[in-house]
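Since the structure comes first, as structure tokens, the remarks are kept for the end.
Convention: sequence-line order gives letters A, B, ...; per-chain numbering from 1.
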Number of protein chains: 2
Amino acid sequence: MPYKEKEITKLYYSIGEVSAMFSVNNSLIRFWEKEFDIIKPKKNKKGNRMFTPLDVENFHLIFHLVKERGYTLQGAKDHLKGNIDEAASQHEIIKRLQKIKSFLIEIKEDL
Amino acid sequence: MPYKEKEITKLYYSIGEVSAMFSVNNSLIRFWEKEFDIIKPKKNKKGNRMFTPLDVENFHLIFHLVKERGYTLQGAKDHLKGNIDEAASQHEIIKRLQKIKSFLIEIKEDL
DNA sequence: ATACCTTGTGCCCTATAAAGAAAAAGAAAT
DNA sequence: ATTTCTTTTTCTTTATAGGGCACAAGGTAT
């Protein structure tokens with residue numbers, strides 16, 4: 001599993017940088033870009049793709065589904081559409097953390 | 001999708017009965033039988049396949065993974081082995097923990 | 001006639017890589 | 001510094017390998 005988590009500091013990545021991150025061919029990235037709506041890099045004047053960190057993260061997600069979990073591309077697409085559940089549960093987590101946060105603030109004020 | 005849950009009462013089903021249950025071709029069943037260890041029908045004296053209810057259940061499981069959830073055959077195999085799955089879901093866990101971590105950092109900065 | 005068998009072949013689509021052209025970036029020499 | 005040469009990177013378009021089956025041929029048993 002070639003991909004190593006790296007800090008994302010740059011604003012934009014070239015296609016070559018992204019393909020190197022995941023040890024895949026450039027053409028795979030272009031193909032997935034056509035297939036998946038969530039990968040939509042900007043293009044500069046010349047037409048070169050400029051991937052934001054979010055694009056990279058989204059590519060990573062697809063990479064995970066397809067290469068590690070064994071979904072077909074269609075299966076991955078469906079899974080991504082169905083992510084309303086996950087989004088919802090994330091929201092739950094956020095709400096709970098906000099409660100924790102205000103609790104901690106309360107403690108702080110007591111000190 | 002085509003398969004309707006039916007009561008499983010018989011001891012054995014012929015390949016024709018099974019393929020009818022799922023509205024698939026006989027050849028698909030024979031193919032999956034070669035691919036997946038968990039489908040292993042007995043054969044009678046003549047060589048005809050005799051599917052136990054368990055075989056049918058297992059076929060149903062594979063059918064679900066491949067036709068409804070969009071796994072590749074290999075992906076379905078891995079999923080059935082179970083080991084890979086846990087490793088894969090680590091990815092989601094890590095991501096959620098990273099979110100939690102950044103929230104906690106946020107909280108810390110507020111304090 | 002029907003339902004099944006095995007073995008082999010062929011096919012369609014998915015998923016990816018290669019090929020070819022153009023531009024940019026380095027490196028060397030003037 | 002600027003010209004020239006070479007290598008790298010990107011682009012788009014085209015080709016190809018393999019997955020996932022279906023189907024046909026030739027056969028057996030009911």
Closer than 4.0 Å, any side-chain N/O of A:S14 to the OP1 or OP2 of D:dT10?
-> yes
Would you indicate whether the side-chain heavy atoms of B:H60 and B:M21 approach each other to under 4.5 Å?
-> no
With a 4.5 Å heavy-atom cut-off, do A:P41 and A:E33 have their side chains touching?
-> yes
Within residues 26-42 of chain A, residues whose heavy atoms come under 4.0 Å of DNA chain C = A:S27, A:L28, A:F31, A:W32
Should the pair B:W32 and B:F59 be assigned to parallel (<30°), tilted (30 to 60°) or perpendicular (>60°) ring geometry?
-> tilted
5'-most contact on DNA chain C (nearest-nucleotide basis), A:K67 vs B:G16, goes to B:G16
Looking only at atom types and distance, does a side-chain atom of A:N44 sit under 3.5 Å from a main-chain N or O of A:G47, one as donor and one as acceptor?
-> yes
With side chain to side chain contact (heavy atoms under 4.5 Å, CB included) as the test, would you mind laying out the steps for B:Y12 and B:T52 before giving the verdict?
-> CA-CA 5 Å; B:Y12 294 110; B:T52 66; 3.7 Å; yes
Rounding to a whole Å, what distance do you find between A:N44:CG and D:dC11:P?
-> 8 Å
Would B:F51 and B:K42 satisfy side chain to side chain contact (heavy atoms under 4.5 Å, CB included), going step by step from the backbone distance to the final call?
-> CA-CA 7 Å; B:F51 294 84; B:K42 309 271 182 220; over 6 Å; no
Does a nitrogen or oxygen in the side chain of A:R49 sit under 4.0 Å from OP1 or OP2 of D:dT10?
-> no
Starting from C1' on D:dT9, measure out to NZ on A:K46 and report it in whole angstrom.
-> 7 Å
To the nearest angstrom, the CZ-P distance between B:F63 and D:dC21 comes to 10 Å
Does the side chain to side chain contact (heavy atoms under 4.5 Å, CB included) test come out yes or no for B:F63 and B:V24, once each step is laid out?
-> CA-CA 10 Å; B:F63 185 87; B:V24 298; 3.9 Å; yes
Tell me what A:K45 touches on the nucleic acid: a base, only sugar-phosphate, or nothing, going by heavy atoms under 4.0 Å.
-> nothing
Could you tell me whether the side chain of B:I38 reaches within less than 4.5 Å of the side chain of B:I62, counting heavy atoms only?
-> yes
Which is the 5'-most and which the 3'-most nucleotide of DNA chain C that has an atom under 4.0 Å from a heavy atom of chain A?
-> C:dA15 to C:dA24
Does A:N48 have a side-chain nitrogen or oxygen under 4.0 Å from the phosphate oxygens OP1 or OP2 of D:dT9?
-> no
Would you call A:K77 and A:E35 a salt bridge, using N to O less than 4.0 angstrom?
-> yes
